[in-house]
Protein chains: 2
Amino acid sequence: MSRPGHMQPEQPTSVDDTLKSAAFLAKTLSDGNRLRILLFISGGRKSVSSIVEELALSQPLVSHHLKELKRSLLVKVEREGPFIYYELSDDRILDIVQTLSDIATDLLKARKTF
Amino acid sequence: MSRPGHMQPEQPTSVDDTLKSAAFLAKTLSDGNRLRILLFISGGRKSVSSIVEELALSQPLVSHHLKELKRSLLVKVEREGPFIYYELSDDRILDIVQTLSDIATDLLKARKTF
DNA sequence: TCAACATATAAGCAACCGTTTATATGGTCA
DNA sequence: TGACCATATAAACGGTTGCTTATATGTTGA
């Protein structure tokens, strides 16, 4: 059966819906500080305070960006005593950041060459 | 030699500068209509009016988005008579859009499962 | 030169974003 | 309980974004 009783009915997902989701993810990646945070926590789960120290950003600003990353499901959160650890939820995000960097570098280089 | 006389001096590019460029590209990808335009012109160079027709968007809106795509160097432009054709400048953009879509789909599926 | 077409630009607007400053929440340990 | 630490939230701000409506620019063919 394609729809067992205990599952939610699967609403058909249009191409446009998927593109909207992709655009939503891209928006989350569209801030330099958020990319720095993503790269930093890609080295293993990190507490908020360690991010604040490493990236030299204010604590509320880091909290705000982490909230955005969580909202787009790009990070997983774990509480451990008074500390809260953030972790990358999908490593393919790193590939995307890397490819975006490569493309940006190439496009700029090609423009200067003209 | 690392710096022949006819070349511009290469200013050192920091990791943060590269991340900023990547973030800038991501911002251009952060709108559903721009992604639709990119996918459409990935099938070969397209005139503005054909984009307007295919995507059912207003002509000024399409022009506006094309300007953004051009500003971030993601498209190349060619005039031919009264028509202006836009073309993808780097096919890796398609991989990125595809991967973003995949990740978005997986993250949403994983969330519903919990 | 003029009309018709293809595209770009300008002005305006509600909504959103990144950041700062200030304050609240929640956990730990004495 | 209360002081202390880690983190989150709220409010306010200037700046940006996506879109619409209206107008301008530029090309073609008569």
* Salt bridge check: are Glu53(A) and Lys46(A) linked by an N-O gap of less than 4.0 Å? -> no
* Using a heavy-atom cut-off of under 4.0 Å over every strand shown, decide if His64(A) touches base, sugar-phosphate, or nothing. => base
* Asked: Whole-Å distance between dT16(D) C1' and Lys27(B) NZ?
  -> 8 Å
* Asked: Hey, does the side chain of Arg79(A) reach the backbone of Gly81(A) with a donor-acceptor pair shorter than 3.5 angstrom?
  -> yes
* To do: Can you tell me the distance, in whole Å, between the CZ atom of Arg71(B) and the C1' atom of dA8(C)?
  => 16 Å
* Asked: When you check the phosphate oxygens OP1 and OP2 of dA6(C), does a side-chain N or O of Tyr86(B) lie under 4.0 Å from one of them?
  -> no
* Nearest non-hydrogen partners of Ser72(B) and Leu107(A), listed with the distance -> O-CD1, 3.9 Å
* OP1 or OP2 of dT17(D) under 4.0 Å from side-chain N/O of Arg34(B) -> no
* To do: Give the rounded distance in Å between these two atoms: CD of Glu78(B) and C1' of dA6(C).
  => 17 Å
* To do: Using side-chain contact (heavy atoms from CB on, under 4.5 Å) as the criterion, point out the one residue from Val48(A), Leu55(A), Asn33(A) that pairs with Val62(A).
  => Val48(A)
* Asked: dT28(C), dA8(C), dT19(C): which one has an atom nearest the side-chain heavy atoms of Ile84(B)?
  -> dA8(C)
* Let me know, please, whether Asp31(A) or Val48(B) comes out on the 5' side of the other along DNA chain C by nearest nucleotide. => Val48(B)
* What nucleotide, of dG18(D), dT7(C), dT9(C), holds the atom closest to the side chain of Pro60(B)? -> dT9(C)
* Can you tell me if Ser30(B) uses its side chain to pair, donor with acceptor, with the backbone of Lys27(B) under 3.5 Å? -> yes
* To do: Give Lys70(A) one of three labels, base, sugar-phosphate or nothing, depending on what nucleic acid heavy atoms sit under 4.0 Å from its own.
  => nothing
* Asked: With distance as the sole criterion, do the side chain of Gln59(A) and the base of dA8(D) form a donor-acceptor contact below 3.5 Å?
  -> yes
* Asked: Which listed nucleotide (dT9(C), dT9(D), dG26(D)) is nearest to the side chain of Lys67(A)?
  -> dT9(D)
* Asked: What is the nucleic acid contact for Ser63(A), judged by heavy atoms within less than 4.0 Å: base, sugar-phosphate only, or nothing?
  -> base
* For Leu69(A) and dT7(D), what is the distance between atoms CG and C1' respectively, to the nearest whole Å? -> 16 Å
* To do: For Pro82(A) and for Ser58(A), locate the closest nucleotide of DNA chain C by heavy-atom distance; then report the residue assigned to the nucleotide nearer the 5' terminus.
  => Ser58(A)
